[in-house]
Every structure is written in C-alpha cells, then in structure tokens.
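This report refers to the structure that appears directly beneath it.
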There are 2 protein chains.
Amino acid sequence: MRISTKGRYGLVIMIYLAREYNTGRFVSLKEISESEEISLKYLEKIMLNFKDTDYFISSRGSEGGYKLAHSPKEYNLKDIFEKLEGNIEIVSCLNEGVPCLKKNRCVSRILWKDINNLINDYLSTKTLEDLIKR
Amino acid sequence: MRISTKGRYGLVIMIYLAREYNTGRFVSLKEISESEEISLKYLEKIMLNFKDTDYFISSRGSEGGYKLAHSPKEYNLKDIFEKLEGNIEIVSCLNEGVPCLKKNRCVSRILWKDINNLINDYLSTKTLEDLIKR
DNA sequence: TGATTTCCTACCATTATGGTAGTAAAATAT
DNA sequence: ATATTTTACTACCATAATGGTAGGAAATCA
C-alpha cells in the first residue's frame with residue numbers, strides 16, 4: 001500500500017508548475033530535475049503518463065518547457081493520481097461489477113470499500129492550489 | 001496503492017478463525033483453503049507472517065489446525081496488517097526521522113501524512129469483531 | 001547553425017508478487 | 001506400531017511492477 005515514486009515525482013512536477021503559474025513562463029524539466037534532484041530522463045518518462053490530458057502547454061527548444069494550461073485550482077488531486085498510477089482502487093475487486101461468491105473473502109470487501117472511499121473523498125476535495133497554499 | 005493478496009488472504013484467515021472462535025475447535029488451513037478457494041500452500045506461507053505473534057494456538061496432526069488465542073475483539077486491524085504487509089506507511093519518508101530538504105518534494109509530504117493518518121485512524125479503531133458483526 | 005528541449009521508443013536491473021514443491025516434525029486415529 | 005494428518009520450515013521460480021537509463025528525432029529559439 002505504497003505510493004510509488006512515479007506518483008510522488010509526478011506530483012512534484014505539478015506542484016513546481018503550479019508555483020510558477022502566475023509568472024506565465026515555460027519551466028523546463030531540466031530545471032525541475034536540478035532543483036528537486038530527480039533524474040531528467042525519469043521526469044520525461046513520468047510526463048508520458050499525462051500524454052492524453054490537457055494539463056500543460058509545452059514548448060520545445062531553448063527557453064521551452066511546460067506550463068499549466070489552467071489555474072492550479074482546476075487540478076483535482078484524484079484526477080492527477082489516476083493519470084499517474086492508473087486505477088487507484090486499493091483492491092481490484094472493487095471495480096468489478098459482479099461480486100465474488102467466496103464465503104469470507106468478501107466480508108472484507110466492505111472494509112476495502114470504506115478505506116477506498118476515505119482516500120478518494122479526501123483526494124477529490126483537494127486541488128493543486130490547496131497544496132501550494134499550505 | 002494496492003492491498004496485495006497477502007494482506008487480503010491473511011485477513012480472510014483471521015476472519016474465518018474469528019467466526020469459529022466460539023466453538024473452540026481447531027480449524028485446519030486445508031478447510032479454509034477449500035472453503036475460500038485459495039491454495040493451501042499459499043495459506044501456509046501467509047501464516048509465516050504471523051510467526052512472531054501470539055495470535056494463534058496451533059495443533060499438529062489429525063483434527064489439528066489453528067484457533068485464535070484471544071477473543072476477536074482483541075485483534076486490531078492495524079496490527080494485523082502490519083504483520084502481513086510490513087510497514088504500511090504509504091510513502092517511505094514518513095517514518096524517517098530527518099525531513100528531506102528538497103524544495104518541493106516535501107510539500108507533498110503533508111498530503112501523504114494526511115492520507116496515512118486517515119487510513120491508520122480507521123484501521124486502529126476496528127477489530128476482527130467489528131468485521132464479523134457486519 | 002548550434003544549442004536546447006520536448007517527444008518517443010527501447011532496454012534493463014532489481015524487487016515484489018503470487019505462488020509451487022518438498023520435507024521434517026508433531027499429533028492423532030486405527 | 002503404523003499410517004495419516006497437519007503444522008513448520010526452506011527453497012525455488014515465473015511474472016509483473018518499479019525505478020530507472022540510453023539514444024535519437026523533431027521542434028524551437030538565440
């Protein structure tokens with residue numbers, strides 16, 4: 001039950017860009033890489049997870065980089081993690097339509113559901129703006 | 001951010017034994033294996049995670065098996081998961097004494113801490129008895 | 001033109017997951 | 001006594017996920 005570096009570094013990128021949102025400038029991954037001491041190549045790979053989103057405006061070449069396409073308050077943390085980590089249900093059977101029929105296996109399903117709701121409810125109510133305000 | 005089968009099947013064993021607690025009989029892993037359709041060998045392996053606990057009374061041989069050493073209400077779910085999954089902190093830096101000094105990495109630490117507390121608080125208040133009552 | 005940076009595809013080492021197999025030792029049933 | 005049952009313990013292994021690295025093409029800017 002761990003958040004991987006994929007999720008953590010992905011959020012680091014988002015926070016970095018959120019903090020620079022007001023400046024309007026493009027921030028390169030190289031800058032984030034050096035500031036946060038995370039390999040550039042790995043950051044590039046993590047960005048691939050956001051490929052099908054409209055999260056960023058990007059520009060290649062010198063003085064290029066990324067900036068947020070929207071205000072930090074438009075970025076929901078639950079959405080961000082779903083892009084980064086895929087399905088974030090803590091047990092796989094939660095999103096299967098058909099309940100399993102094992103005797104005691106699904107007694108605990110209620111427990112998983114509760115915990116899952118706890119996390120999802122929390123993340124759903126938080127945005128990037130909430131994070132950088134603290 | 002997934003609970004593995006190790007954690008899930010381990011809980012299944014605990015629930016099974018909790019339900020048989022009043023009978024006082026020994027329940028074999030073979031019985032649980034057949035009832036829950038989980039391989040016997042895998043259940044044996046999962047039991048190794050509880051090796052250093054006083055959770056069970058065991059008996060070998062025919063009519064042998066396991067039974068809970070204490071009443072189901074004495075078994076805290078947080079404790080059980082710590083035995084099964086090891087440290088259940090969702091990010092590793094939470095239990096390091098020294099905070100990391102990276103610029104934005106630890107902005108999110110507050111977030112991880114919050115989620116971690118959410119889960120731990122929930123699990124700490126629940127016992128095996130709560131689970132089998134529902 | 002040269003440097004910079006995104007964008008994209010491969011590749012790879014290590015670890016965790018999710019098991020299986022085999023055997024010894026203890027306890028019980030016959 | 002012996003056969004059976006069951007825990008207890010060790011070793012092994014296939015697959016997937018994690019956490020990266022490497023290389024190059026394409027776009028952009030100074």
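By convention in this document, chain letters (A, B, ...) are assigned in the order of the sequence lines, proteins followed by strands, and residues within each chain are numbered from 1. What you see below is based on every heavy atom in this structure, not just the backbone, and it leaves out hydrogens, waters and symmetry mates.
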Specify the separation, in whole Å, of atom [atom1] of [X] and atom [atom2] of [N].
X	N	atom1	atom2	answer
Phe56(A)	dT6(C)	CZ	C1'	13 Å
Glu44(B)	dA26(C)	CD	P	17 Å
Glu85(B)	dT15(C)	CD	P	19 Å
Lys30(A)	dA3(C)	NZ	P	13 Å
Lys67(A)	dT6(C)	NZ	C1'	15 Å
Met47(A)	dG20(D)	CE	P	17 Å
Tyr66(B)	dT6(D)	OH	C1'	9 Å
Phe26(B)	dA26(C)	CZ	P	16 Å

Identify the heavy atoms of Tyr66(A) and Leu17(A) that sit nearest to each other, and give their distance.
O-CD2, 3.5 Å
Write down the atom of Ser124(B), the atom of Lys78(B), and the distance for their closest heavy-atom approach.
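Closest heavy-atom pair between Ser124(B) and Lys78(B): OG-CD, 3.1 Å.
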Test: Arg8(B) and Glu36(B) ion pair at under 4.0 Å:
no
For the residue pair Tyr75(B) and His70(B), categorise the inter-ring angle as parallel (less than 30°), tilted (30 to 60°) or perpendicular (more than 60°).
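Tilted.
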Should the pair Tyr55(B) and Phe50(B) be assigned to parallel (<30°), tilted (30 to 60°) or perpendicular (>60°) ring geometry?
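Tilted: the ring planes of Tyr55(B) and Phe50(B) meet at 30° to 60°.
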Is the shortest side-chain N/O distance from [X] to OP1 or OP2 of [N] below 4.0 Å?
X	N	answer
Tyr9(B)	dT17(C)	no
Ser39(B)	dT20(C)	yes
Ser58(B)	dA8(D)	yes
Ser28(A)	dT4(C)	no
Lys6(A)	dT18(D)	yes

For Gly64(B) and for Glu63(A), locate the closest nucleotide of DNA chain D by heavy-atom distance; then report the residue assigned to the nucleotide nearer the 5' terminus.
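On the 5' side of the pair lies Gly64(B).
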Could you work out which one of [options] sits closest to the side chain of [X]?
X	options	value
Lys41(B)	dC9(D), dT28(D), dA25(C)	dC9(D)
Tyr42(A)	dG20(D), dT7(D), dC9(D)	dG20(D)
Thr5(B)	dG18(C), dT28(C), dA26(D)	dG18(C)

Under 4.0 Å, heavy atoms only, any strand: does Lys45(A) hit a base, just the sugar-phosphate, or nothing?
base
Give Leu48(A) one of three labels, base, sugar-phosphate or nothing, depending on what nucleic acid heavy atoms sit under 4.0 Å from its own.
base
